[in-house]
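Small disclaimer: the values here were computed from a predicted structure and weren't measured. Residue numbers begin at 1 in each chain, while the letters A, B, ... track the order of the sequences.
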Amino acid sequence: MPLDRKDLLDLDDFSSDEIMLLLETTSAMAEILSRPIRRVPTLRGKTIVNMFYEASTRTRSSFELAAKNLSADLVNVSASQSSVDKGESLIDTMRTLQALGADMIVMRHWEAGAPYLAASWLDAAIINAGDGWHAHPSQALLDLFTVQERIGTIAGLKIVIAGDILHSRVARSNLWGFGKLGAQVVLCGPPTLLPRGLAEIAETESRITISYDLDEAIVDADVVMMLRLQRERMASGLLPSTREYCARFGLSRERMRRARPHALIMHPGPMNQGVEITPELAYSEQAVIEEQVTNGVAVRMAIFYLLASTPERLA
Amino acid sequence: MAAGKVLLQAEDIRRALLRIAHEIVEHNRGGKDIVLVGIQARGAPLAWRLAKSIEALEGVSVPVGRLDITLYRDDLEREHFRPNIRETQIPVDLSEKHVVLVDDVLYTGRTIRAAMDAVMDFGRPRTIQLAVLIDRGHRELPIRADYVGKNIPTSRLEEIELHLLETDGTDETILLPPQEDA
(Lines give C-alpha, C1' and ligand atoms only; values in the text may rest on other atoms or scores of the structure.)
Protein backbone atom coordinates (compact mmCIF):
# COMPACT_ATOMS: atom_id res chain seq x y z
CA MET A 1 0.00 0.00 0.00
CA PRO A 2 1.40 3.42 -0.90
CA LEU A 3 0.75 6.52 1.19
CA ASP A 4 -1.58 8.51 -1.02
CA ARG A 5 -0.74 12.00 0.21
CA LYS A 6 1.11 15.05 -0.98
CA ASP A 7 1.96 16.46 2.45
CA LEU A 8 2.29 15.54 6.11
CA LEU A 9 0.56 18.28 8.08
CA ASP A 10 -0.98 16.50 11.08
CA LEU A 11 -2.26 13.06 12.04
CA ASP A 12 -5.88 14.19 12.50
CA ASP A 13 -7.02 12.89 9.10
CA PHE A 14 -4.79 9.79 9.03
CA SER A 15 -6.34 6.33 9.16
CA SER A 16 -4.88 3.77 11.56
CA ASP A 17 -3.68 1.82 8.48
CA GLU A 18 -1.72 4.83 7.26
CA ILE A 19 -0.14 5.29 10.68
CA MET A 20 0.75 1.59 10.79
CA LEU A 21 2.36 1.86 7.33
CA LEU A 22 4.50 4.73 8.65
CA LEU A 23 5.49 2.72 11.73
CA GLU A 24 6.35 -0.39 9.69
CA THR A 25 8.45 1.67 7.31
CA THR A 26 10.15 3.29 10.32
CA SER A 27 11.11 -0.13 11.54
CA ALA A 28 12.86 -0.84 8.20
CA MET A 29 14.63 2.51 8.43
CA ALA A 30 15.77 1.75 11.99
CA GLU A 31 17.49 -1.36 10.64
CA ILE A 32 19.48 0.84 8.24
CA LEU A 33 20.64 2.94 11.21
CA SER A 34 22.15 -0.21 12.73
CA ARG A 35 24.31 -0.96 9.66
CA PRO A 36 28.01 -0.18 9.34
CA ILE A 37 27.15 2.18 6.48
CA ARG A 38 24.02 4.10 7.44
CA ARG A 39 23.11 5.32 4.00
CA VAL A 40 20.90 4.05 1.18
CA PRO A 41 20.65 5.61 -2.30
CA THR A 42 16.85 5.85 -2.36
CA LEU A 43 16.37 9.62 -2.72
CA ARG A 44 19.41 10.38 -4.87
CA GLY A 45 18.76 13.51 -6.91
CA LYS A 46 15.95 14.76 -4.66
CA THR A 47 16.27 18.10 -2.91
CA ILE A 48 14.88 18.68 0.57
CA VAL A 49 14.81 22.10 2.23
CA ASN A 50 14.62 22.61 5.99
CA MET A 51 12.80 25.93 6.42
CA PHE A 52 12.76 26.86 10.11
CA TYR A 53 11.05 30.04 11.26
CA GLU A 54 11.62 29.03 14.87
CA ALA A 55 14.57 27.71 16.87
CA SER A 56 15.18 23.96 16.95
CA THR A 57 18.10 21.63 17.61
CA ARG A 58 16.81 18.10 17.61
CA THR A 59 14.03 18.33 15.06
CA ARG A 60 16.10 20.21 12.49
CA SER A 61 19.17 17.99 12.81
CA SER A 62 16.98 14.89 12.88
CA PHE A 63 15.34 15.84 9.56
CA GLU A 64 18.78 16.71 8.21
CA LEU A 65 20.29 13.33 9.11
CA ALA A 66 17.22 11.53 7.78
CA ALA A 67 17.56 13.28 4.41
CA LYS A 68 21.28 12.52 4.23
CA ASN A 69 20.79 8.85 5.17
CA LEU A 70 18.51 8.56 2.13
CA SER A 71 21.08 10.35 -0.10
CA ALA A 72 18.90 13.40 -0.75
CA ASP A 73 20.45 16.85 -1.08
CA LEU A 74 19.57 19.05 1.86
CA VAL A 75 19.53 22.80 2.26
CA ASN A 76 19.05 24.40 5.69
CA VAL A 77 17.38 27.79 5.80
CA SER A 78 16.65 29.61 9.03
CA ALA A 79 14.32 32.55 8.85
CA SER A 80 16.61 34.84 10.82
CA GLN A 81 19.33 34.62 8.16
CA SER A 82 17.08 34.78 5.12
CA SER A 83 15.03 37.25 3.13
CA VAL A 84 12.29 36.81 5.72
CA ASP A 85 14.23 39.49 7.64
CA LYS A 86 13.79 41.78 4.63
CA GLY A 87 10.04 41.38 4.80
CA GLU A 88 9.46 38.67 2.20
CA SER A 89 6.06 37.00 2.62
CA LEU A 90 5.70 33.35 3.61
CA ILE A 91 4.34 32.32 0.23
CA ASP A 92 7.04 34.17 -1.70
CA THR A 93 9.76 32.55 0.38
CA MET A 94 8.27 29.11 -0.11
CA ARG A 95 7.77 29.62 -3.85
CA THR A 96 11.38 30.69 -4.13
CA LEU A 97 12.50 27.48 -2.45
CA GLN A 98 10.35 25.48 -4.84
CA ALA A 99 11.77 27.38 -7.82
CA LEU A 100 15.26 26.48 -6.59
CA GLY A 101 14.26 22.83 -7.03
CA ALA A 102 12.95 21.72 -3.65
CA ASP A 103 10.98 18.46 -3.92
CA MET A 104 10.06 18.52 -0.25
CA ILE A 105 10.05 21.32 2.29
CA VAL A 106 10.25 20.67 6.00
CA MET A 107 8.66 23.62 7.67
CA ARG A 108 8.54 24.90 11.22
CA HIS A 109 6.60 28.07 11.93
CA TRP A 110 5.42 29.92 15.01
CA GLU A 111 1.95 30.38 13.54
CA ALA A 112 -0.54 27.50 13.63
CA GLY A 113 -1.65 26.70 10.08
CA ALA A 114 1.33 28.17 8.23
CA PRO A 115 2.30 24.79 6.66
CA TYR A 116 -1.31 24.34 5.47
CA LEU A 117 -1.12 27.64 3.63
CA ALA A 118 2.20 26.65 2.07
CA ALA A 119 0.85 23.21 1.11
CA SER A 120 -2.09 24.74 -0.73
CA TRP A 121 0.19 26.98 -2.81
CA LEU A 122 3.03 24.62 -3.67
CA ASP A 123 3.50 21.38 -5.60
CA ALA A 124 6.41 20.42 -3.34
CA ALA A 125 5.57 18.14 -0.42
CA ILE A 126 5.24 20.09 2.82
CA ILE A 127 6.20 18.36 6.04
CA ASN A 128 5.01 20.10 9.19
CA ALA A 129 7.87 20.16 11.70
CA GLY A 130 5.76 22.07 14.21
CA ASP A 131 3.33 24.95 13.73
CA GLY A 132 2.58 27.14 16.72
CA TRP A 133 0.61 25.33 19.39
CA HIS A 134 -1.11 23.24 16.74
CA ALA A 135 0.64 20.12 15.48
CA HIS A 136 3.94 18.24 15.37
CA PRO A 137 3.15 15.01 13.51
CA SER A 138 6.71 13.64 13.16
CA GLN A 139 7.17 13.91 16.94
CA ALA A 140 3.91 12.02 17.52
CA LEU A 141 5.00 9.31 15.07
CA LEU A 142 8.34 8.86 16.80
CA ASP A 143 6.56 8.66 20.16
CA LEU A 144 4.19 6.01 18.76
CA PHE A 145 7.11 4.08 17.32
CA THR A 146 9.07 4.22 20.59
CA VAL A 147 6.12 2.89 22.59
CA GLN A 148 5.38 0.20 20.02
CA GLU A 149 9.02 -0.95 20.03
CA ARG A 150 9.23 -1.06 23.82
CA ILE A 151 5.82 -2.46 24.74
CA GLY A 152 4.91 -4.25 21.51
CA THR A 153 1.48 -2.71 21.13
CA ILE A 154 -0.40 0.55 21.56
CA ALA A 155 -4.02 -0.54 21.67
CA GLY A 156 -5.36 -0.69 25.21
CA LEU A 157 -2.45 1.17 26.84
CA LYS A 158 -2.98 4.00 29.28
CA ILE A 159 -0.97 7.01 28.14
CA VAL A 160 -0.69 9.99 30.49
CA ILE A 161 0.37 13.23 28.85
CA ALA A 162 1.09 15.74 31.59
CA GLY A 163 2.10 19.34 32.01
CA ASP A 164 1.75 22.35 29.75
CA ILE A 165 -0.93 20.99 27.42
CA LEU A 166 -2.09 24.45 26.37
CA HIS A 167 1.09 25.34 24.49
CA SER A 168 1.89 21.81 23.32
CA ARG A 169 1.64 20.86 19.64
CA VAL A 170 3.25 17.55 20.69
CA ALA A 171 0.28 16.77 22.95
CA ARG A 172 -2.24 17.57 20.22
CA SER A 173 -0.62 15.37 17.57
CA ASN A 174 -0.08 12.58 20.09
CA LEU A 175 -3.71 12.75 21.09
CA TRP A 176 -4.64 11.92 17.49
CA GLY A 177 -1.95 9.28 17.03
CA PHE A 178 -2.43 7.31 20.24
CA GLY A 179 -6.20 7.69 20.03
CA LYS A 180 -6.38 6.28 16.49
CA LEU A 181 -4.30 3.26 17.49
CA GLY A 182 -6.66 2.47 20.35
CA ALA A 183 -4.89 3.78 23.47
CA GLN A 184 -6.57 5.55 26.38
CA VAL A 185 -5.11 9.04 26.66
CA VAL A 186 -5.23 11.07 29.88
CA LEU A 187 -4.37 14.74 29.53
CA CYS A 188 -3.26 16.15 32.86
CA GLY A 189 -2.25 19.64 33.93
CA PRO A 190 -3.37 22.70 35.88
CA PRO A 191 -6.69 24.14 34.63
CA THR A 192 -4.94 27.24 33.26
CA LEU A 193 -2.77 25.04 31.01
CA LEU A 194 -5.55 22.72 29.82
CA PRO A 195 -7.56 24.30 27.02
CA ARG A 196 -11.33 24.31 27.46
CA GLY A 197 -11.84 22.87 23.98
CA LEU A 198 -10.07 19.65 24.89
CA ALA A 199 -12.23 19.24 27.99
CA GLU A 200 -15.28 19.50 25.73
CA ILE A 201 -13.89 16.86 23.35
CA ALA A 202 -13.19 14.57 26.34
CA GLU A 203 -16.85 14.71 27.33
CA THR A 204 -17.93 12.96 24.14
CA GLU A 205 -14.81 10.93 23.32
CA SER A 206 -14.43 7.91 25.62
CA ARG A 207 -10.73 7.40 24.79
CA ILE A 208 -9.76 10.82 26.16
CA THR A 209 -9.85 11.81 29.82
CA ILE A 210 -9.00 15.14 31.41
CA SER A 211 -7.43 15.32 34.85
CA TYR A 212 -6.19 18.13 37.05
CA ASP A 213 -4.47 15.81 39.51
CA LEU A 214 -1.30 13.99 38.43
CA ASP A 215 -1.26 11.67 41.47
CA GLU A 216 -4.64 10.38 40.43
CA ALA A 217 -4.03 10.37 36.66
CA ILE A 218 -0.77 8.43 36.84
CA VAL A 219 -2.27 5.35 38.56
CA ASP A 220 -1.60 2.23 36.42
CA ALA A 221 -0.22 4.28 33.53
CA ASP A 222 1.81 2.37 30.91
CA VAL A 223 3.43 5.52 29.55
CA VAL A 224 4.00 8.86 31.26
CA MET A 225 4.85 11.65 28.85
CA MET A 226 5.98 14.86 30.49
CA LEU A 227 5.76 18.10 28.55
CA ARG A 228 8.06 21.07 28.81
CA LEU A 229 6.74 24.08 30.63
CA GLN A 230 6.94 26.53 27.72
CA ARG A 231 7.81 29.66 29.63
CA GLU A 232 8.75 31.54 26.46
CA ARG A 233 5.17 31.25 25.20
CA MET A 234 3.57 31.85 28.53
CA ALA A 235 1.45 34.90 29.34
CA SER A 236 1.81 36.02 32.91
CA GLY A 237 -0.72 34.82 35.45
CA LEU A 238 -1.08 31.25 34.17
CA LEU A 239 0.87 29.82 37.08
CA PRO A 240 1.25 31.00 40.68
CA SER A 241 4.90 29.86 40.74
CA THR A 242 7.21 27.35 39.14
CA ARG A 243 7.78 25.84 42.57
CA GLU A 244 4.13 25.12 43.10
CA TYR A 245 3.84 23.72 39.57
CA CYS A 246 6.74 21.40 40.27
CA ALA A 247 5.20 20.20 43.53
CA ARG A 248 1.86 19.36 41.94
CA PHE A 249 2.78 18.40 38.35
CA GLY A 250 6.47 17.52 38.40
CA LEU A 251 7.40 13.85 37.89
CA SER A 252 9.24 12.46 40.90
CA ARG A 253 10.29 8.96 41.90
CA GLU A 254 7.48 8.86 44.43
CA ARG A 255 4.81 9.85 41.94
CA MET A 256 6.15 7.41 39.35
CA ARG A 257 5.58 4.51 41.80
CA ARG A 258 1.86 4.86 41.21
CA ALA A 259 2.27 3.95 37.53
CA ARG A 260 2.76 0.38 36.33
CA PRO A 261 6.10 -1.17 37.42
CA HIS A 262 7.79 -0.92 34.01
CA ALA A 263 5.98 2.13 32.72
CA LEU A 264 7.91 4.24 30.22
CA ILE A 265 8.90 7.85 30.89
CA MET A 266 8.92 10.05 27.81
CA HIS A 267 9.71 13.69 27.13
CA PRO A 268 9.79 15.43 23.74
CA GLY A 269 12.67 17.66 24.88
CA PRO A 270 14.18 20.02 25.61
CA MET A 271 13.70 19.23 29.30
CA ASN A 272 13.46 21.64 32.20
CA GLN A 273 15.05 19.34 34.72
CA GLY A 274 13.89 20.06 38.23
CA VAL A 275 10.65 21.55 36.90
CA GLU A 276 8.51 18.97 35.07
CA ILE A 277 10.87 16.05 35.74
CA THR A 278 13.64 15.30 38.23
CA PRO A 279 17.11 14.61 36.75
CA GLU A 280 17.10 11.29 38.59
CA LEU A 281 14.07 10.10 36.61
CA ALA A 282 15.17 11.64 33.31
CA TYR A 283 18.21 9.35 33.29
CA SER A 284 16.55 6.34 34.91
CA GLU A 285 16.07 2.95 33.29
CA GLN A 286 12.42 3.66 32.67
CA ALA A 287 13.22 6.78 30.65
CA VAL A 288 13.26 6.35 26.87
CA ILE A 289 14.01 9.99 26.14
CA GLU A 290 17.21 9.35 24.21
CA GLU A 291 15.57 6.50 22.30
CA GLN A 292 12.91 8.97 21.22
CA VAL A 293 15.64 11.13 19.69
CA THR A 294 17.29 8.18 17.92
CA ASN A 295 13.96 6.89 16.61
CA GLY A 296 13.21 10.38 15.33
CA VAL A 297 15.75 9.94 12.54
CA ALA A 298 14.18 6.65 11.41
CA VAL A 299 10.67 8.13 11.51
CA ARG A 300 11.71 11.08 9.37
CA MET A 301 13.40 8.77 6.87
CA ALA A 302 10.09 6.89 6.61
CA ILE A 303 8.20 10.15 6.07
CA PHE A 304 10.53 11.31 3.29
CA TYR A 305 10.49 7.92 1.62
CA LEU A 306 6.72 7.45 1.68
CA LEU A 307 5.98 11.00 0.52
CA ALA A 308 8.49 10.57 -2.33
CA SER A 309 6.75 7.43 -3.52
CA THR A 310 3.09 8.50 -3.38
CA PRO A 311 1.09 7.64 -6.50
CA GLU A 312 0.57 11.33 -7.25
CA ARG A 313 4.30 11.95 -7.32
CA LEU A 314 5.00 8.80 -9.34
CA ALA A 315 2.43 9.59 -12.03
CA MET B 1 -6.57 -14.78 -13.60
CA ALA B 2 -5.90 -16.96 -16.64
CA ALA B 3 -4.80 -20.50 -15.90
CA GLY B 4 -1.10 -21.03 -16.49
CA LYS B 5 1.15 -23.87 -17.49
CA VAL B 6 2.98 -25.63 -14.68
CA LEU B 7 6.72 -25.48 -15.44
CA LEU B 8 8.18 -27.00 -12.29
CA GLN B 9 6.44 -29.21 -9.78
CA ALA B 10 7.44 -29.69 -6.15
CA GLU B 11 9.77 -32.57 -6.98
CA ASP B 12 11.49 -30.59 -9.76
CA ILE B 13 12.08 -27.69 -7.39
CA ARG B 14 13.48 -30.00 -4.71
CA ARG B 15 15.89 -31.65 -7.15
CA ALA B 16 17.02 -28.36 -8.65
CA LEU B 17 17.78 -26.90 -5.22
CA LEU B 18 19.66 -30.02 -4.17
CA ARG B 19 21.82 -29.79 -7.29
CA ILE B 20 22.48 -26.09 -6.64
CA ALA B 21 23.52 -26.92 -3.04
CA HIS B 22 26.01 -29.48 -4.43
CA GLU B 23 27.34 -26.94 -6.92
CA ILE B 24 27.78 -24.24 -4.27
CA VAL B 25 29.75 -26.62 -2.06
CA GLU B 26 31.83 -27.85 -4.99
CA HIS B 27 32.59 -24.39 -6.29
CA ASN B 28 33.58 -23.06 -2.85
CA ARG B 29 35.38 -26.25 -1.77
CA GLY B 30 33.15 -26.91 1.21
CA GLY B 31 30.77 -24.77 3.21
CA LYS B 32 33.33 -22.63 5.04
CA ASP B 33 32.93 -18.84 4.86
CA ILE B 34 29.74 -19.11 2.81
CA VAL B 35 26.84 -16.84 3.70
CA LEU B 36 23.50 -17.34 1.94
CA VAL B 37 21.49 -14.15 1.46
CA GLY B 38 17.93 -14.55 0.20
CA ILE B 39 16.37 -11.64 -1.62
CA GLN B 40 12.92 -10.81 -0.24
CA ALA B 41 10.37 -12.15 -0.62
CA ARG B 42 10.80 -15.60 -2.23
CA GLY B 43 14.58 -15.76 -2.22
CA ALA B 44 14.51 -15.88 1.58
CA PRO B 45 12.87 -19.33 1.99
CA LEU B 46 14.96 -20.68 -0.90
CA ALA B 47 18.13 -19.60 0.94
CA TRP B 48 16.98 -21.49 4.03
CA ARG B 49 16.35 -24.64 2.01
CA LEU B 50 19.79 -24.42 0.41
CA ALA B 51 21.36 -23.97 3.85
CA LYS B 52 19.65 -27.13 5.10
CA SER B 53 20.90 -29.11 2.11
CA ILE B 54 24.45 -27.81 2.53
CA GLU B 55 24.35 -28.72 6.20
CA ALA B 56 23.22 -32.23 5.34
CA LEU B 57 25.96 -32.56 2.72
CA GLU B 58 28.90 -31.04 4.56
CA GLY B 59 27.93 -31.01 8.22
CA VAL B 60 28.56 -27.28 8.49
CA SER B 61 25.91 -24.76 9.37
CA VAL B 62 25.82 -21.86 6.94
CA PRO B 63 24.62 -18.42 8.08
CA VAL B 64 21.46 -17.29 6.28
CA GLY B 65 20.34 -13.68 5.86
CA ARG B 66 17.49 -11.96 4.11
CA LEU B 67 17.70 -8.76 2.19
CA ASP B 68 15.06 -6.31 1.05
CA ILE B 69 16.30 -4.25 -1.87
CA THR B 70 13.42 -1.78 -2.17
CA LEU B 71 15.54 1.20 -1.05
CA TYR B 72 18.21 0.38 -3.66
CA ARG B 73 15.88 0.07 -6.62
CA ASP B 74 16.15 2.34 -9.63
CA ASP B 75 12.41 2.45 -10.31
CA LEU B 76 11.13 4.52 -7.38
CA GLU B 77 9.65 6.84 -9.96
CA ARG B 78 7.82 4.18 -11.96
CA GLU B 79 4.12 3.62 -11.70
CA HIS B 80 4.08 0.02 -10.57
CA PHE B 81 6.34 0.81 -7.62
CA ARG B 82 5.04 -0.33 -4.24
CA PRO B 83 6.84 1.18 -1.31
CA ASN B 84 6.35 -1.55 1.33
CA ILE B 85 9.70 -2.56 2.75
CA ARG B 86 10.27 -6.06 4.06
CA GLU B 87 12.73 -7.05 6.73
CA THR B 88 16.48 -7.07 6.15
CA GLN B 89 18.49 -9.22 8.48
CA ILE B 90 22.17 -10.03 7.94
CA PRO B 91 23.37 -12.20 10.84
CA VAL B 92 27.14 -11.86 10.32
CA ASP B 93 29.71 -9.36 9.05
CA LEU B 94 30.00 -10.05 5.31
CA SER B 95 33.64 -8.96 5.06
CA GLU B 96 35.87 -11.65 3.53
CA LYS B 97 32.91 -14.00 3.11
CA HIS B 98 31.62 -15.79 0.02
CA VAL B 99 28.16 -14.29 -0.26
CA VAL B 100 25.68 -16.27 -2.32
CA LEU B 101 22.64 -14.18 -3.28
CA VAL B 102 19.56 -16.33 -3.70
CA ASP B 103 16.51 -15.31 -5.70
CA ASP B 104 13.58 -17.06 -7.31
CA VAL B 105 13.57 -15.67 -10.88
CA LEU B 106 16.39 -13.90 -12.73
CA TYR B 107 14.94 -11.54 -15.33
CA THR B 108 16.24 -8.03 -16.14
CA GLY B 109 19.07 -8.21 -13.61
CA ARG B 110 18.05 -4.93 -11.95
CA THR B 111 17.11 -6.60 -8.67
CA ILE B 112 20.51 -8.28 -8.54
CA ARG B 113 22.28 -4.99 -9.26
CA ALA B 114 20.40 -3.43 -6.32
CA ALA B 115 21.15 -6.44 -4.10
CA MET B 116 24.89 -6.21 -4.83
CA ASP B 117 24.89 -2.53 -3.84
CA ALA B 118 23.08 -3.42 -0.63
CA VAL B 119 25.48 -6.27 0.21
CA MET B 120 28.47 -3.94 -0.22
CA ASP B 121 27.01 -1.71 2.52
CA PHE B 122 27.39 -4.60 4.96
CA GLY B 123 31.10 -5.09 4.36
CA ARG B 124 33.47 -6.16 1.59
CA PRO B 125 32.79 -9.80 0.70
CA ARG B 126 35.54 -11.87 -0.90
CA THR B 127 33.10 -12.89 -3.63
CA ILE B 128 29.43 -12.37 -4.46
CA GLN B 129 27.78 -15.27 -6.27
CA LEU B 130 24.25 -15.66 -7.56
CA ALA B 131 21.90 -18.64 -7.30
CA VAL B 132 18.45 -18.55 -8.93
CA LEU B 133 15.78 -21.16 -9.30
CA ILE B 134 14.74 -19.89 -12.74
CA ASP B 135 16.55 -17.86 -15.38
CA ARG B 136 13.97 -16.50 -17.82
CA GLY B 137 16.33 -14.36 -19.93
CA HIS B 138 15.82 -10.74 -21.10
CA ARG B 139 18.72 -9.21 -19.17
CA GLU B 140 19.04 -5.42 -19.24
CA LEU B 141 22.35 -5.38 -17.35
CA PRO B 142 25.58 -7.39 -17.67
CA ILE B 143 24.67 -9.90 -14.95
CA ARG B 144 24.64 -13.70 -15.00
CA ALA B 145 23.87 -16.40 -12.44
CA ASP B 146 26.51 -18.81 -11.09
CA TYR B 147 23.91 -21.44 -10.22
CA VAL B 148 20.67 -21.93 -12.15
CA GLY B 149 17.86 -24.34 -11.31
CA LYS B 150 16.27 -24.19 -14.75
CA ASN B 151 16.61 -21.99 -17.82
CA ILE B 152 13.19 -21.12 -19.14
CA PRO B 153 13.03 -19.01 -22.32
CA THR B 154 10.03 -16.68 -22.08
CA SER B 155 8.41 -13.79 -23.85
CA ARG B 156 8.50 -10.45 -22.04
CA LEU B 157 4.70 -10.49 -22.09
CA GLU B 158 4.50 -13.71 -20.15
CA GLU B 159 4.73 -13.85 -16.38
CA ILE B 160 6.35 -16.45 -14.19
CA GLU B 161 4.81 -17.17 -10.83
CA LEU B 162 6.69 -19.14 -8.25
CA HIS B 163 4.75 -20.55 -5.34
CA LEU B 164 6.59 -21.82 -2.27
CA LEU B 165 5.36 -23.79 0.70
CA GLU B 166 6.61 -21.12 3.11
CA THR B 167 4.83 -18.21 1.45
CA ASP B 168 2.06 -19.69 -0.68
CA GLY B 169 1.31 -23.14 0.78
CA THR B 170 2.50 -25.13 -2.23
CA ASP B 171 5.66 -25.66 -4.27
CA GLU B 172 5.29 -24.99 -8.00
CA THR B 173 6.27 -22.71 -10.83
CA ILE B 174 3.66 -21.49 -13.27
CA LEU B 175 4.02 -19.73 -16.61
CA LEU B 176 1.16 -17.29 -17.18
CA PRO B 177 0.20 -16.48 -20.77
CA PRO B 178 0.50 -12.89 -22.09
CA GLN B 179 -1.90 -10.59 -20.25
CA GLU B 180 -4.33 -8.64 -22.45
CA ASP B 181 -3.84 -5.40 -20.54
CA ALA B 182 -0.11 -5.84 -19.94
So which heavy atom on A:Thr42 is nearest to which on B:Leu71, and how close? OG1-O, 2.7 Å

Heavy-atom distance under 4.5 Å to chain B: side chain of A:Arg39, backbone, both or neither? backbone

For chain A, find its close neighbours in residues 6-20 of chain B: heavy-atom separation under 4.5 Å, sorted by number, or none.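 Checking residues 6-20 of chain B against chain A gives no residue, so none.
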
For chain B, which residues from residues 66-77 of chain A lie under 4.5 Å away (heavy-atom distances)? none

Checking B:Ser155 now: which residues fulfil side-chain contact (heavy atoms from CB on, under 4.5 Å) with it, not counting sequence neighbours? B:Leu157, B:Glu158

Tell me if the [atom1] atom of [X] is crowded by more than 12 foreign heavy atoms within 6.0 Å.
| X | atom1 | answer |
| --- | --- | --- |
| B:Gln89 | CD | yes |
| B:Glu140 | CD | yes |
| A:Arg38 | CZ | no |

Show the atom names and distances, to 0.1 Å, of all donor-acceptor pairs under 3.5 Å that link a side chain in residues 119-130 of chain B to residues at least two apart or in another chain.
{"from": "B:Asp121", "atom 1": "OD2", "to": "B:Tyr72", "atom 2": "OH", "distance (Å)": "2.7"}
{"from": "B:Arg126", "atom 1": "NH2", "to": "B:Glu96", "atom 2": "O", "distance (Å)": "3.3"}
{"from": "B:Thr127", "atom 1": "OG1", "to": "B:His98", "atom 2": "ND1", "distance (Å)": "2.7"}
{"from": "B:Thr127", "atom 1": "OG1", "to": "B:Gln129", "atom 2": "NE2", "distance (Å)": "3.1"}
{"from": "B:Gln129", "atom 1": "OE1", "to": "B:Asn28", "atom 2": "ND2", "distance (Å)": "3.2"}
{"from": "B:Gln129", "atom 1": "OE1", "to": "B:Tyr147", "atom 2": "OH", "distance (Å)": "2.5"}
{"from": "B:Gln129", "atom 1": "NE2", "to": "B:Asn28", "atom 2": "OD1", "distance (Å)": "2.9"}

pair [X]-[Y]: side-chain heavy atoms closer than 4.5 Å:
| X | Y | value |
| --- | --- | --- |
| B:Ile90 | A:Arg35 | no |
| A:Leu21 | B:Asn84 | yes |
| A:Glu31 | B:Asp68 | no |

